[in-house]
There are 4 protein chains.
Amino acid sequence: MPDPDPPVSPPPAPSSSDGDAPRWRRRKGARPQEIVAAAMDVFAERGFAAARLEEVAARAGVSKGTLYLYFPSKEELFKAVIRAAILPNLERAERMIAEVPEPSFALLERLLAMVAEVIATTRAAVIPKLVIAEAGNFPELAAFYHREVIRRGFGLLAALLQRGIDRGEFRPVNVEHTVRLIVAPLLLSAIWRTAFDRVDGTEPLDVAALVATHRDHLRRVLVAEGDAP
Amino acid sequence: MPDPDPPVSPPPAPSSSDGDAPRWRRRKGARPQEIVAAAMDVFAERGFAAARLEEVAARAGVSKGTLYLYFPSKEELFKAVIRAAILPNLERAERMIAEVPEPSFALLERLLAMVAEVIATTRAAVIPKLVIAEAGNFPELAAFYHREVIRRGFGLLAALLQRGIDRGEFRPVNVEHTVRLIVAPLLLSAIWRTAFDRVDGTEPLDVAALVATHRDHLRRVLVAEGDAP
Amino acid sequence: MPDPDPPVSPPPAPSSSDGDAPRWRRRKGARPQEIVAAAMDVFAERGFAAARLEEVAARAGVSKGTLYLYFPSKEELFKAVIRAAILPNLERAERMIAEVPEPSFALLERLLAMVAEVIATTRAAVIPKLVIAEAGNFPELAAFYHREVIRRGFGLLAALLQRGIDRGEFRPVNVEHTVRLIVAPLLLSAIWRTAFDRVDGTEPLDVAALVATHRDHLRRVLVAEGDAP
Amino acid sequence: MPDPDPPVSPPPAPSSSDGDAPRWRRRKGARPQEIVAAAMDVFAERGFAAARLEEVAARAGVSKGTLYLYFPSKEELFKAVIRAAILPNLERAERMIAEVPEPSFALLERLLAMVAEVIATTRAAVIPKLVIAEAGNFPELAAFYHREVIRRGFGLLAALLQRGIDRGEFRPVNVEHTVRLIVAPLLLSAIWRTAFDRVDGTEPLDVAALVATHRDHLRRVLVAEGDAP
DNA sequence: TATGAATGAGTTTTCATTCAT
DNA sequence: TATGAATGAAAACTCATTCAT
């Protein structure tokens, strides 16, 4: 069952070494995305405060001044990065839910797989780390993320669980807690990838495999009869 | 079964408003800890880069210059904060394991409760957030944390799981993955407390209750016969 | 006695909101003046250094780049503004003097009235403020203004006074000082209009009335018999 | 009649070349005034916008950072300069008025001489230029100056004139206008000193002599019987 | 030891000027 | 001619670190 709706993340920043090309080239349309993509990389590596706009500019292949043509401040650029990474994926998840009238566990399974794929393959995986790190400095951003991502995501999962329970597909678990228990390994995976992968020469985390085990455990927890065939 | 070995975190920073109080001669030995405690607060709120040593000094009730009598740089102070919060708790956990020859699940249960308590009640809960945020800027610190905390913690849990499997107490789960699935909700709890608690007027997370549900789920997953009495 | 020779100041800047008006083909000859007029407004409000060429361009209804088609630098544009406002008025004053063989005090009266009108009604009133403010940064401009405006203006008045004294129309006042005492209230009026009019909710200065009183005082000072009928 | 109450202006900035003295010396008390004095010089020469804090710092013999220990921004430093130059002189003038029950014209004469001396000999002479130049950018400052200096000064002169008229010492002139006509040559003198003195090789303006002539003219205008002995 | 005034390198931000279109 | 995206030098401001006291 191929997923026709691939995970979304900004395109890679252009290589800044265009050789001896003209001093600059008109890129009106593409510039903002390129800058956001470069900024995402730098923020991901350094965090907000330690990120230098000079480096963002260099990776985007533009000058420092150009950043200010598109974003009025470092802070706004940061917010743009967060928004750019979040919104498409969120919409994608909601589309998936709306469309699919599957058995509840199958739907959960697909959601897990989708998020696992995003975490494993896209740069959006750094967003949680960034938001977590800067929640204290940008309460407004924390509130935005809480409202638009966490609350929506949790609500979506809660509805799914409740539906399963109501239909007798799931055991009557504590919905609020279970939502968080479902999400936690995904969060751990995202964080691992952005903070500890390859540290000390360890193997990269196999997110898909971890989430598959998570799914198996969830089946035991949620589905009444335990080991399905 | 009271726990005679309470969770460990640095003492609270002294109120900086000593005013013209009865000039209590300052015990010199306490200074470093006071500074570390104040630094932990500030790093927790702002992150490493955005934390200002001026604020640390103010909260510790000393002058900026004094910080440098005890710590050669901001970076070393940061590391001291991490170490101060981690090591005692780690030793406590290892002591617990070594001493108690309980049934495996009961031991796991006790470990979960202990960590939950640390997360819910001590300032050490901010450490994961700090380390995660700065892993990119301080690879050496990330490696230290990986080696001393994550690897040790994971190893400890893996040993516990393996022992349970070997003894026939646990189903033969994938040990590597299950370790992470056990830890993930604890990480989520710690992060929630330091980044989203009270954001947007939400209720504080009830860590103990969440971890209790987690424990129940784990029992279903790990223990062959499901709900024991 | 109508003045056939009205006060001179650059035309108002065109409204920049041409919208999609009936694409009137732009008369090319007018561009530089439009830019100078817009620049005069912006320099008047902000001073030279704080004036942004972006704002000048916007008010002139052109793009930033276009400014450079007509003026090689901000500095040259500034000088063009000064010149554009000064020269016509200066020529007008000299024409007036040359033409009119009136009694000396009547001529002085007409000069005062003319300058008062320029100050009260044209944008050229900001020139003294601009030149004064930037004299330190543009010694060359200060010298130009001193030579072309101040010296000429002072010389003209000195000649007038001397003629009056020689003819026995005026008392033998100190010419050099009196010239400055005649000019001072005009300068004050110009400055008031551009810096303090309406500040703190005050009434706009009635330049004509002030200068009329000035004229009456001057008559007492200059004319031997005091109150003429 | 010696004036025991000399004109007030900040002390000159210290020479920054202390030879090979220690990197810096503790000057807690004196620093702010030294900085204000240096800033006054630089603002006077360049205007607010074109003044570089680096230059202020250099002239004050301190580093850039030190400025920010005492003044939170360039703008606040500017205001401090204005206030420092204005307030002492204003108080001095009011003291003079309050103390002296002389004939009205003698009092006016003394006031003129005092202001002339301040203009001729102190750095406070640049204040009008600075305020005029930046009134557009700092409306709040313009309002402050209008309220605290202009209104107070004008009110003080108006009261003096009115008293003279009421006592029959002065002719019944238009008080509002005459106040401005009295002030105008002082303003011109201050501006001349700061913008045109020595431009193009001219002689410095002899402020005292100019004001003496002004005084003579005022006597003709104000005092009923004309030429007193 | 302790202080905190002073430093200065480093970062964000602005804006006159250039130049491909 | 005209545009406006792009540049980059310059300037305000910050803050870890030093050091005279």
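To find a chain, count down the sequence lines: A is the first, B the second, and so on, and within it residues start at 1.
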* **C:Ser63 vs F:dT3: side-chain N/O to OP1/OP2 distance below 4.0 Å** => yes
* Asked: Quick one: is B:Tyr70 getting a side-chain N or O under 4.0 Å of the E:dA2 phosphate, OP1 or OP2?
  -> yes
* Asked: Stepwise, does the side-chain contact (heavy atoms from CB on, under 4.5 Å) test hold for D:Lys74 with D:Phe43?
  -> CA-CA 11 Å; D:Lys74 189 183 183 184; D:Phe43 285 141; 4.2 Å; yes
Below 3.5 Å is the cut-off: list the nitrogen or oxygen pairs between protein and nucleotides 9-11 of chain F, distance only.
none

* **Phosphate-side-chain proximity, D:Tyr68 and F:dC13, N/O vs OP1/OP2 below 4.0 Å** => yes
* Asked: Would one find a side-chain N or O of B:Arg31 under 4.0 angstrom from OP1 or OP2 of E:dT1?
  -> no
* Asked: Should B:Lys79 and B:Phe71 be marked as a side-chain contact (heavy atoms from CB on, under 4.5 Å) after you check the CA-CA gap, both sets of side-chain angles, and the distance that decides it?
  -> CA-CA 10 Å; B:Lys79 290 181 192 166; B:Phe71 303 94; over 6 Å; no
* Asked: Rounded to the Å, how far apart are B:Phe48 CZ and F:dA16 P?
  -> 8 Å
* To do: Output the distance between atom CG (A:Leu130) and atom CD1 (B:Ile132), rounded to the nearest 0.5 Å.
  => 12.0 Å
* Asked: Hey, are the side chains of C:Tyr145 and C:Ile127 touching, using non-hydrogen atoms and a 4.5 Å cut-off?
  -> yes
* Of the nucleotides E:dA2, F:dT17, E:dT17, which one has an atom closest to the side chain of B:Thr66? -> E:dA2
* To do: For DNA chain F, write out the stems as range with range, using runs of 3 or more consecutive Watson-Crick or G-U pairs with both distances under 3.5 Å.
  => E:2-21 with F:2-21
* To do: Answer yes or no: is there a donor N or O on one side and an acceptor on the other, between the side chain of A:Arg123 and the main chain of A:Ala85, under 3.5 Å?
  => no
* Structure fact -> Out of F:dC13, E:dA2, E:dA6, minimum distance to the side chain of B:Leu69 belongs to E:dA2
* Asked: Within this structure, what is the CD-to-C1' distance between C:Glu34 and F:dA2, rounded to whole angstrom?
  -> 14 Å
* With DNA chain F as reference, determine whether D:Glu54 or B:Glu75 sits nearer its 5' end, using the nearest nucleotide of each. => D:Glu54
* Could you pull out all residues at least two apart from A:Thr194 that satisfy side-chain hydrogen bond (donor to acceptor under 3.5 Å, both in side chains)? => none
* Asked: How many Å lie between CG on B:Leu67 and C1' on F:dC19, as a whole number?
  -> 15 Å
Side-chain donor-acceptor contacts of residues 44-56 of chain C below 3.5 Å, not counting sequence neighbours, with atom names and distances?
{"unit_1": "C:Glu45", "atom_1": "OE1", "unit_2": "C:Arg59", "atom_2": "NH2", "d": "2.9"}
{"unit_1": "C:Glu45", "atom_1": "OE2", "unit_2": "C:Arg59", "atom_2": "NH1", "d": "3.1"}
{"unit_1": "C:Glu45", "atom_1": "OE2", "unit_2": "C:Arg59", "atom_2": "NH2", "d": "3.4"}
{"unit_1": "C:Glu55", "atom_1": "OE2", "unit_2": "C:Arg59", "atom_2": "NH2", "d": "2.7"}

* Write down the distance between CZ (C:Phe71) and P (F:dA2), rounded to a whole number of angstrom. => 12 Å
* To do: Quickly work out the C:Glu55 CD to E:dA16 P distance and round it to whole Å.
  => 11 Å
* To do: Name all residues meeting the side-chain hydrogen bond (donor to acceptor under 3.5 Å, both in side chains) criterion together with C:Ser63; count only those two or more places apart in sequence or in a different chain, and write none if there are none.
  => C:Thr66
* To do: State, yes or no, whether a side-chain contact exists between C:Val36 and C:Tyr70 at a heavy-atom distance under 4.5 Å.
  => no
* To do: Return the value, rounded to whole Å, for the distance between atom CZ of C:Phe78 and atom C1' of E:dC15.
  => 18 Å
* Round to the nearest Å and state the distance from B:Glu76 atom CD to F:dT17 atom P. => 10 Å
